[in-house]
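First up is the structure itself, then whatever we jot down about it.
First the proteins, then the strands, lettered A, B, ... as listed; each starts at 1. Please read all numbers here as calculations on a predicted model, not as lab measurements.
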Amino acid sequence: MAFDWEDHKSYMTVKRQKLQDQLEDVEGDGKIFSGVTIYVNGYTKPDADTLKEIICKHGGGYSYALTSRVSHVIATNLPTAKIKALSINSSKVCHPDWILDSVNAGSLLPTEKYELYSVSSKSQRKISFSPTAKKEAGPEDPPTKKDRSFVDEFYSHSRLHHLSTWASELKEFTSKNLPRAKRKFSMLSSGESLRRFGVKGVVHLDLDSFFVSVGLRDRPGLHGQPVAVTHARNKEGEADTTEVVGVSLHQSMSDVASCSYEARDFGIRNGMSVGEAINLCPSLTFIPYEFEKYHAVSQTLYETVITYSHLVEPVSCDEVFIEFSDYVTSWEELGDIVKSLRSEIEEKTGCKVSAGFSHNLLLARLATRKAKPNGQFHLSEEEVEGYLKETPVASLPGIGRKMKEELSKMGVSNCGELREVSLPKLREVFGPKTGYTLYCFARGIDNRDLTTKKERKSISVEINYGMRFEQISEAESLLTQLSEELQSRALDTGVLGSSISLKLKIRQKTAPQETKKYLGHGRCDNISRSQQLHIPTNDSGDISRVAISLLKQLSPNPSDIRGMGIALNKLSSSVKGSPVKGGKMADIRTLMTSSPGKRSPASKRSLGSVLKSERGGEEGASVSVMREERVEYQNTAAGDGCTSFESAMLDLPPASQLDQSVLLALPSDLQEEVFDSYSKRQDKERVTLEPVSTEPSLANPLFPPSLSSLSNGNPERFLNETRTHIKAWVALYPAGPKERDSTIFIQFLISLIDLNALEIPRIPQYWGGSFFVKFFIL
DNA sequence: ATCCTCCCCTAC
DNA sequence: TAAGGTAGGGGAGGAT
Ligand SMILES: Nc1ccn([C@H]2C[C@H](O)[C@@H](COP(=O)(O)OP(=O)(O)OP(=O)(O)O)O2)c(=O)n1
Ligand SMILES: [Mg+2]
């Protein structure tokens, strides 16, 4: 066999990388973080253990308690009050990125940009405390493994969670940095470039057995062997690891996240269980996850890629599309660029990359399959037909287990056979869109343009592992934790949701209590229900209130719950002054008549400093301050619609819109009350009040008040507090509130209904018309 | 037609 | 033990 230059080269690269790592280690020892001792507060990314490992490796100290030794507190997200409390003993409170970036930079970076209370700090997330760990973590109460919440613990070990998180991050990174990235090549005119043929040059990059490749950087002895990344452990080719359970590994249901190509020769595949894998290859070696390393490699991959083209479409942490149409004159030239791109990435990350390229996204992707491992392949226009003919349909993106099965029933297993099926037939079986896509893909046709940024449509949190409840209250408590996690993510991404949905996995009747996978979900039915809001939110209190209400509606048997998730849908932006795409300034009429769940208009304002000053010093102050940072309510500041107050009361919410779900959740006597007030109302004449001036109303920061600032559970206090707010609000207007302003109040009441805040004061007279009237007779 | 809700499927 | 998340495309079937 001829000398394999590629292999030799990669061997050298790895060797170099290894040397470099060792050098870094030597340099790092006692260097970067000498004199630095950190204390990690709460849940961070990376987690406390990882940070400890990093800091110690680079000469710093780690403390389990906030002692005087501590020079820096590390936290990802903290309420302002807590930051102040933590920083009193002159230690700085910094984001973990300070540590990561310092390591990357090879020197101690100034903390300035990473201090949580500084203006430039990247995010201010609220920490999610679990019910069991919500005690203040003070100096005498260091965080331990034990008081980490289930949610945090789970996520820190979940590969799929990391995969999703990184994908989101990289999408954000790309859309933010792509426009201002310094590029290696300058664009050609469309007369010179590939475009002169009316053709695109699309490259698809994908790291080879990503997790394994990263793991093997530090385990050169395992190169060329069947290796898999998994949580299950026995040997590792490393001496000190205990050979725990030779036999039990055969039954392990732990997933293989990634396996080497040598392992694939045995039939092992990503996603397989360890038990299956070891049966296929008893000599398979398992190595552990190293999430932070994967993260760093992904980051480097994307930093590198965006210097090659202004057209980059992120796919995942190890996969990306790049369009070169404007940078090359021929496919040969593109091939050379791809070669250098691949070696640059391998040089920087120590991981091998394969690349496929062709004239559209589909074919570039298919070409990558042929290129792997550690190669590149150009699928030319002439080759397409022949190549596709033998390509199994399951290789087409979007065709998975189910559709492959479905096609197989039709006698179709490769693209050549798929071509024989008529378009109408495909549409009949798979629906209009899917049918058409199949028709095109079978022919190598793909007219999609590469998209560099896509607007997020939803944000969600879910756990379908380890869910075992006896009481419904336990499930509710978990929903509360998930709500906090969701709030935290919504804050980070700057979104508000107008729709909240709850998703449950419920054990199937015939499925056994004990799942095959330890604490897995087993065979389940999925059920979901959503609730529209009139005012978008990112508040965990709002979210959990709605989620729990939805849970009650779905009324599952607590012991059958195997998974739960919450999603925010119909998103709008919470960033001040940032216009929402497609958003219109809402006039009163629009607001009054809009269905719940509609996107919020561009015009927004925060509760702002007035709310803060109004209640500063009161017990609820810190809550409202936090809320102020989170939620910015939409306003009715602009527009000239004139709807009478009376008609507003009559029109909103239309009976058809009054959320059935909320209604049904009420005791039946309350339901009747509500129906009653609706039916009475229809008989009434519509009364129009004084015409209202069309000038913009006084900016009103008092309404609506923060729900979480009101006394839930105590009807009398609730009412009184709300009255206080109304009085303060009215007092703002020398000549009394304009009609339009009262609509804000109406909106507020509606939102109370949305959020089930009114479920708490279970007093019939608060409901229906009398409820509204009561507020106005102050 | 088009929209909405509740799914199912797919990909990493 | 094991860490089965998450976003998006799209279909079925009903309401408008
Ligand atoms: N079921 C899966 C599939 C993938 N991954 C993770 C581990 C993989 O390393 C990474 C990238 O997925 P790929 O599909 O790109 O697979 P690999 O990179 O491992 O192999 P290759 O791309 O060479 O086929 O995502 C996972 O955890 N579980
Ligand atoms: Mg890969």
Can a side chain N or O of [X] be found less than 4.0 Å away from OP1 or OP2 on [N]?
{"X": "Gln532(A)", "N": "dT5(B)", "answer": "yes"}
{"X": "Lys404(A)", "N": "dC9(B)", "answer": "no"}
{"X": "Asn270(A)", "N": "dC12(B)", "answer": "no"}
{"X": "Thr434(A)", "N": "dG9(C)", "answer": "no"}
{"X": "Arg489(A)", "N": "dT6(C)", "answer": "yes"}

Please report, rounded to the nearest Å, how far the [atom2] atom of [N] is from the [atom1] atom of [X].
{"X": "Met403(A)", "N": "dG9(C)", "atom1": "CE", "atom2": "P", "result": "14 Å"}
{"X": "Glu319(A)", "N": "dC12(B)", "atom1": "CD", "atom2": "P", "result": "5 Å"}
{"X": "Phe154(A)", "N": "dA2(C)", "atom1": "CZ", "atom2": "P", "result": "14 Å"}
{"X": "Leu504(A)", "N": "dG4(C)", "atom1": "CG", "atom2": "C1'", "result": "16 Å"}
{"X": "Arg401(A)", "N": "dT10(B)", "atom1": "CZ", "atom2": "P", "result": "8 Å"}
{"X": "Met564(A)", "N": "dT6(C)", "atom1": "CE", "atom2": "P", "result": "14 Å"}
{"X": "Arg159(A)", "N": "dA11(B)", "atom1": "CZ", "atom2": "P", "result": "15 Å"}
{"X": "Leu207(A)", "N": "dA11(B)", "atom1": "CG", "atom2": "C1'", "result": "16 Å"}

For Lys457(A) and His231(A), find the nucleotide of DNA chain C closest to each by heavy atoms; which residue's nucleotide sits nearer the 5' end?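 Final value for this comparison: His231(A).
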Whichever of His521(A) and Pro432(A) has its nearest DNA chain C nucleotide further upstream toward 5':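 Its nearest nucleotide lies further toward 5', so the answer is His521(A).
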When you look at Asp525(A) and Lys505(A), which way does the salt bridge (charged side-chain N to carboxylate O under 4.0 Å, His left out) test go after all the steps? CA-CA 6 Å; Asp525(A) 293 318; Lys505(A) 268 195 186 304; over 6 Å; no
Establish, for the pair Arg427(A) and Phe430(A), whether the NZ or CZ atom is under 6.0 angstrom from the six-membered ring centre and no further than 45 degrees off its axis.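 No cation-pi geometry.
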Would Arg365(A) count as a cation-pi partner of Phe441(A), with NZ or CZ less than 6.0 Å from the six-membered ring centre and within 45° of the ring normal?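 No - Arg365(A) does not lie over the ring of Phe441(A) by the 6.0 Å and 45° rule.
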So what does [X] hit on the nucleic acid, given a heavy-atom distance under 4.0 Å: a base, only sugar-phosphate, or nothing?
{"X": "Ser316(A)", "answer": "sugar-phosphate"}
{"X": "Asn526(A)", "answer": "sugar-phosphate"}
{"X": "Glu462(A)", "answer": "base"}
{"X": "Gly466(A)", "answer": "nothing"}
{"X": "Val461(A)", "answer": "sugar-phosphate"}
{"X": "Ser252(A)", "answer": "sugar-phosphate"}
{"X": "Phe430(A)", "answer": "sugar-phosphate"}
{"X": "Gly271(A)", "answer": "nothing"}

Is the distance between the ring centroids of His231(A) and Tyr289(A) less than 6.0 Å?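 Centroid separation for His231(A) and Tyr289(A): below 6.0 Å.
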Considering only NZ, NE, NH1 and NH2 on the basic side and carboxylate oxygens on the acidic side, decide whether Asp208(A) and Lys352(A) come within less than 4.0 Å.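 Judged by the 4.0 Å cut-off on N to carboxylate O distance, Asp208(A) and Lys352(A) do not form a salt bridge.
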Under 4.0 Å between a Lys/Arg side-chain N and an Asp/Glu carboxylate O for Lys402(A) and Glu405(A)?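 Glu405(A) and Lys402(A): not salt-bridged.
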Measure from the side-chain heavy atoms of [X] and tell me the nearest of [options].
{"X": "Ser458(A)", "options": "dA11(B), dG10(C), dA7(C)", "value": "dA7(C)"}
{"X": "Ser164(A)", "options": "dA3(C), dT6(C), dC12(B)", "value": "dT6(C)"}
{"X": "Lys503(A)", "options": "dT6(C), dA11(B), dA3(C)", "value": "dT6(C)"}
{"X": "Asp255(A)", "options": "dG5(C), dC7(B), dA3(C)", "value": "dA3(C)"}
{"X": "Ser530(A)", "options": "dT6(C), dT10(B), dC6(B)", "value": "dC6(B)"}
{"X": "Tyr155(A)", "options": "dA7(C), dA3(C), dG5(C)", "value": "dG5(C)"}

Mind listing the closest non-hydrogen atom pair of His250(A) and Ile278(A) along with its distance?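 Closest heavy-atom pair between His250(A) and Ile278(A): ND1-CG2, 3.4 Å.
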For His161(A) and dG5(C), do the ring centres fall under 5.5 Å apart while the planes stay under 30° apart?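 Ring-base stacking flag not set for His161(A) and dG5(C).
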Distance between the C1' atoms of dC9(B) and dG4(C), in whole angstroms?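 One C1' to the other, the span is 16 Å.
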